[in-house]
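One structure is given here, and the rest of the page talks about it.
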Amino acid sequence: MPEDYSTKIVTMNYRRSCTKFTGEQLKILIDTFNRKPYPNYATRQKLASEINIEEPRIQIWFQNRRARHPFRKRSKPEEALKSSQDHGQGDLEERSQARRSRTYYNCSQLHILVEAFENNPYPGIVSREQLAEEIGVPESRVQIWFQNRRSRLFSQAKKEPDEDLEQ
DNA sequence: ACTAATCTTATCAGGTACCACCTGATAAGCCCATTAGT
């Protein structure tokens with residue numbers, strides 16, 4: 001049936017293939033999670049090189065873990081977040097790299113991104129990798145760029161009806 | 001079935017330019033988001 005066939009093709013260059021963690025990697029991840037459910041960028045990078053997994057995969061892993069393992073509970077999430085982030089005694093580098101540093105796109109990079117977005121606002125993994133290589137930016141940043149762009153396009157579309165009335 | 005990947009929405013934060021706006025990065029999702037690979 002053509003349905004399955006086309007679905008498969010779309011799927012195949014749609015999603016990145018699932019990362020399979022080894023038991024040893026999982027052990028380290030879980031151990032870190034239990035101490036710090038909200039690792040900052042420096043911590044995630046350290047983990048990444050320690051277990052030889054790309055940092056974006058680690059970020060996703062923590063997001064999924066927080067969603068499914070309510071590492072709970074007592075204090076509100078805000079407090080857990082606070083205590084795990086700025087409470088990082090020691091680690092100087094963690095302070096300097098609390099978040100990934102902002103990515104700056106130049107005009108030609110933006111032009112390429114915008115053009116691709118107009119072609120397809122939901123690029124699959126293959127397209128994102130190609131774009132990333134073309135403009136010299138990690139694929140994870142391209143993905144974030146598309147997410148933010150879609151999001152702002154949606155919220156703008158919601159506001160427009162009001163503004164039409166204003167004129 | 002389990003869980004990595006993805007999506008939308010809301011918010012934080014750093015820069016620019018002048019205090020508000022733009023936009024990249026992060027977090028949550030509630031009868032605990034949805035989708036899909038293994």
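Here is the naming used below: chain letters follow the sequence lines, and residue numbers restart at 1 for every chain.
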Item to complete: Report the nucleotide, chosen from B:dA5, B:dG24, B:dA27, that has the shortest atom-to-atom distance to any side-chain atom of A:Y38.
Response: B:dA27
Item to complete: Using the C1' atom on both, measure B:dC19 against B:dG14 and round to a whole Å.
Response: 15 Å
Item to complete: Find out whether the Lys NZ or Arg CZ of A:R66 is both under 6.0 angstrom from the six-membered ring centre of A:Y38 and within 45° of the ring's axis.
Response: yes
Discussion item. At less than 4.0 Å, is any side-chain N or O atom of A:R128 found next to OP1 or OP2 of B:dT6? Yes or no.
Written reply: yes
Worksheet item: Could you give the CD1-to-P distance, from A:I60 to B:dT34, as a whole number of Å?
Response: 17 Å
Worksheet item: Does B:dT26 have OP1 or OP2 sitting under 4.0 Å from an N or O in the side chain of A:R44?
Response: yes
Worksheet entry | Contact letters for nucleotides 8-18 of chain B, in which S counts primed atoms plus P, OP1 and OP2 and B counts the base, heavy atoms under 4.0 Å | BB-BBSBS---
Worksheet item: Within the structure, does a side-chain N or O atom of A:R15 lie under 4.0 Å from either OP1 or OP2 of B:dT35?
Response: no
Worksheet item: Should A:R100 be listed as having a side-chain N or O under 4.0 Å from OP1 or OP2 of B:dG24?
Response: no
Discussion item. Using OP1 and OP2 only, check whether a side-chain N or O of A:R68 sits under 4.0 Å from B:dT3.
Written reply: no
Response to the item:
Out of B:dA5, B:dA25, B:dA4, minimum distance to the side chain of A:R16 belongs to B:dA5
Worksheet item: When you match A:P56 and A:T103 each to their closest nucleotide on DNA chain B, which lands nearer the 5' end?
Response: A:P56
Item to complete: Look at A:S101 and B:dG24 and indicate whether a side-chain polar atom (N or O) is within less than 4.0 Å of OP1 or OP2.
Response: no
